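This report refers to the structure that appears directly beneath it.
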Amino acid sequence: MDSKLKPLGLAAIPLLLALLNLQNLANAVPQVPCYFIFGDSLSDNGNNNKLVTTVKVNYPPYGIDFPQGPTGRFNNGRTLHDFIVKFLGFEDYMPPFAESEGKNILSGVNYASGASGIRDETGQHRGGRIPLNEQIKNHQTIISKITTSMGNDSAAKSHLSRCIYSVQIGSNDYINNYFRPDLYNTSQTYTPQEYATVLVRQLSDQLKILYDSGARKFAVYGLGLIGCTPDARSVHGTGTPCVDKFNEGSIPFNERLKPLIDQLNHNLTDAKFTFLVPSGNTTGLVSYSSCCQTGGHNGELCLPDSKPCDNRKQYVFWDGVHPTDTWNEIVAKAIYDSEKPEEAQPFNIQKLAQL
Ligand SMILES: *[C@@H]1O[C@H](CO)[C@@H](O)[C@H](O)[C@H]1NC(C)=O
Ligand SMILES: *[C@@H]1O[C@H](CO)[C@@H](O)[C@H](O)[C@H]1NC(C)=O
Ligand SMILES: *[C@@H]1O[C@H](CO)[C@@H](O)[C@H](O)[C@H]1NC(C)=O
Ligand SMILES: *[C@@H]1O[C@H](CO)[C@@H](O)[C@H](O)[C@H]1NC(C)=O
């Protein structure tokens, strides 16, 4: 063997493996045939762009690390669900419902809308948004189209029963409702405990509508610590790392959502529900301030055309409330194959896909 070729040959192996790997990805059959996304700005990938609202981000520096630039995703790069669909083996991200015309809807659609909540009135002071009830109606439109395109009812039903339905919503029912007593009366009507009960009961009804529409695999998310965002700290902070009052709102919500998931698994025996908590290890990351410059009348969002931080991979928060691409990847990895019950219970996403 020519010794001069040897180093080159060895060096080529990783490249070859990488090419083979890409080849595999390109031809991969995803672990589930479809993935539908319901939620708020943590999941929105463009549905708010054409609405009259202050909660849309189709301008730089949003999308600075995303190949297509600003798309309406509320961070510098990919959302949590962008990562999960790639882990599941999908080639493309799910199209936003608002731009689903002519797109491949058989693999799934993203209905999520910034500022939206479980309750219809949530976020109304910010302008147009698509509340969860309306997202569920939009899903009916997509189901009709899928049924038409598949040619028959039972084929569509079988297809829809194998999809994952991701539901990550509720933060705005606190931030853009309960904790704005100047604009909403929920905090005069309910104690934090009662409010969590009311929200989770309504979410339960909404999940059952999806079940009645053929959904059988549900990934339902608890809330993160909404009192620990840079925005919460700057607007309501008292010098402590988190605003306790805000976290005291979200904790009862999670405490009620977890047993609801158990009940739904028990009652709807042909369906699988799992409870996911979007958390991660912040050690080594900047977790107390936002990477971009926030301010103006939109407070928590990046100022248009402002220059963000250079070391974006070291930040938890991109703007005042939304996590970075880096953080989304950490969390997505955790809930995709976590064996920790405090992150995913009773199944991680990978198991949910296989059931
Ligand atoms: C629907 O399609 C499936 C497979 O594509 C086929 O087996 C079934 O007979 C069809 N049913 C009707 C009512 O056309
Ligand atoms: C609270 O506000 C809603 C509208 O957002 C209204 O329908 C309801 O009557 C109000 N309730 C009270 C007790 O003021
Ligand atoms: C589950 O079924 C029990 C018994 O019928 C019922 O009391 C409970 O409300 C149901 N829970 C849900 C979330 O449907
Ligand atoms: C977080 O990560 C750091 C370093 O990567 C590690 O030392 C620490 O034990 C982790 N903490 C938890 C709670 O996993």
Side-chain angles (χ1 to χ4, degrees), residues 25-51 56 58 63 66-68 70-74 78-114 116 128-169 206-221 271-272 332 349 352-353:
L25 276 180
N27 297 331
V29 175
Q31 297 170 46
V32 286
C34 32
Y35 187 93
F36 291 100
I37 301 164
F38 299 83
D40 54 27
S41 57
L42 293 171
S43 311
D44 191 349
N45 65 344
N47 286 310
N48 274 21
N49 291 350
K50 287 185 189 138
L51 300 181
K56 59 176 160 186
N58 50 349
F66 196 76
Q68 285 81 41
T71 56
R73 285 170 171 80
F74 285 74
R78 294 155 287 183
T79 67
L80 176 67
H81 301 289
D82 289 337
F83 285 105
I84 290 175
V85 300
K86 288 291 171 181
F87 295 159
L88 287 169
F90 287 95
E91 246 182 87
D92 294 319
Y93 303 133
M94 303 318 149
F97 175 77
E99 291 161 31
S100 57
E101 201 62 51
K103 299 274 167 57
N104 171 21
I105 56 169
L106 285 178
S107 303
V109 170
N110 185 339
Y111 305 101
S113 165
S116 72
R129 74 236 168 272
I130 309 162
L132 183 54
N133 284 330
E134 209 177 314
Q135 294 180 31
I136 292 170
K137 283 190 193 131
N138 290 340
H139 183 52
Q140 303 302 329
T141 305
I142 293 294
I143 290 179
S144 306
K145 289 188 178 177
I146 287 178
T147 306
T148 305
S149 100
M150 293 189 91
N152 92 38
D153 234 43
S154 63
K157 253 200 158 126
S158 154
H159 179 79
L160 291 166
S161 72
R162 290 179 289 134
C163 312
I164 288 180
Y165 296 76
S166 172
V167 182
Q168 184 178 20
I169 197 158
Q206 290 159 331
L207 293 172
K208 283 178 189 163
I209 296 172
L210 289 177
Y211 173 86
D212 290 338
S213 308
R216 292 295 180 269
K217 293 183 180 201
F218 294 84
V220 185
Y221 290 74
K272 301 290 176 208
I349 302 261
L352 181 68

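For the single chain, residues carry numbers from 1 onward in sequence order. Computed from a predicted model, the values in this text were never measured in an experiment.
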Within the side chain of [X], is there an N or O that forms a donor-acceptor pair under 3.5 Å with the backbone of [Y]?
{"X": "Lys217", "Y": "Cys163", "result": "no"}
{"X": "His159", "Y": "Leu106", "result": "yes"}
{"X": "Asp44", "Y": "Phe74", "result": "no"}
{"X": "Asn48", "Y": "Leu51", "result": "no"}
{"X": "Ser116", "Y": "Gly39", "result": "yes"}

Any side-chain heavy-atom pair of [X] and [Y] under 4.5 Å:
{"X": "Tyr165", "Y": "Leu160", "result": "yes"}
{"X": "Ile169", "Y": "Phe38", "result": "no"}
{"X": "Leu352", "Y": "Ile164", "result": "yes"}
{"X": "Leu88", "Y": "Ile349", "result": "yes"}
{"X": "Ile136", "Y": "Tyr111", "result": "no"}
{"X": "Val167", "Y": "Gln206", "result": "no"}

Nearest 0.5 Å, what's the [atom1]-[atom2] distance between [X] and [Y]?
{"X": "Gln135", "Y": "Asp40", "atom1": "CD", "atom2": "CG", "result": "8.5 Å"}
{"X": "Phe218", "Y": "Leu207", "atom1": "CZ", "atom2": "CG", "result": "6.0 Å"}
{"X": "Asp212", "Y": "Lys208", "atom1": "CG", "atom2": "NZ", "result": "9.5 Å"}
{"X": "Ser107", "Y": "Ile146", "atom1": "OG", "atom2": "CD1", "result": "9.0 Å"}
{"X": "Ile143", "Y": "Phe36", "atom1": "CD1", "atom2": "CZ", "result": "7.0 Å"}
{"X": "Leu42", "Y": "Tyr221", "atom1": "CG", "atom2": "OH", "result": "10.5 Å"}

Shortest non-hydrogen contact between [X] and [Y], atoms and distance:
{"X": "Ala156", "Y": "Met150", "result": "CA-SD, 3.6 Å"}
{"X": "Ala98", "Y": "Gly46", "result": "CB-O, 4.5 Å"}
{"X": "Ala332", "Y": "Ile84", "result": "CB-CG1, 3.9 Å"}
{"X": "Arg129", "Y": "Gly114", "result": "CB-O, 3.6 Å"}
{"X": "Phe90", "Y": "Pro33", "result": "CE2-O, 3.8 Å"}

With sequence neighbours excluded, tell me which residues meet side-chain hydrogen bond (donor to acceptor under 3.5 Å, both in side chains) with Tyr211.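 Only Asp270 meet the side-chain hydrogen bond (donor to acceptor under 3.5 Å, both in side chains) criterion with Tyr211.
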
Quick one: list whatever passes side-chain hydrogen bond (donor to acceptor under 3.5 Å, both in side chains) with Ser213, sequence neighbours left out.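 With neighbours one apart ignored, the set is Gln140.
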
Could you pull out all residues at least two apart from [X] that satisfy side-chain contact (heavy atoms from CB on, under 4.5 Å)?
{"X": "Thr79", "result": "Arg73, His81, Asp82"}
{"X": "Gln68", "result": "Phe66, Thr71"}
{"X": "Lys103", "result": "Pro95, Glu99"}

Sorted by first residue and then second, give each salt bridge (Lys or Arg N to Asp or Glu O under 4.0 Å) pair with at least one member in residues 143-152; sequence neighbours left out.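 Only Glu101-Lys145 qualify under salt bridge (Lys or Arg N to Asp or Glu O under 4.0 Å).
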
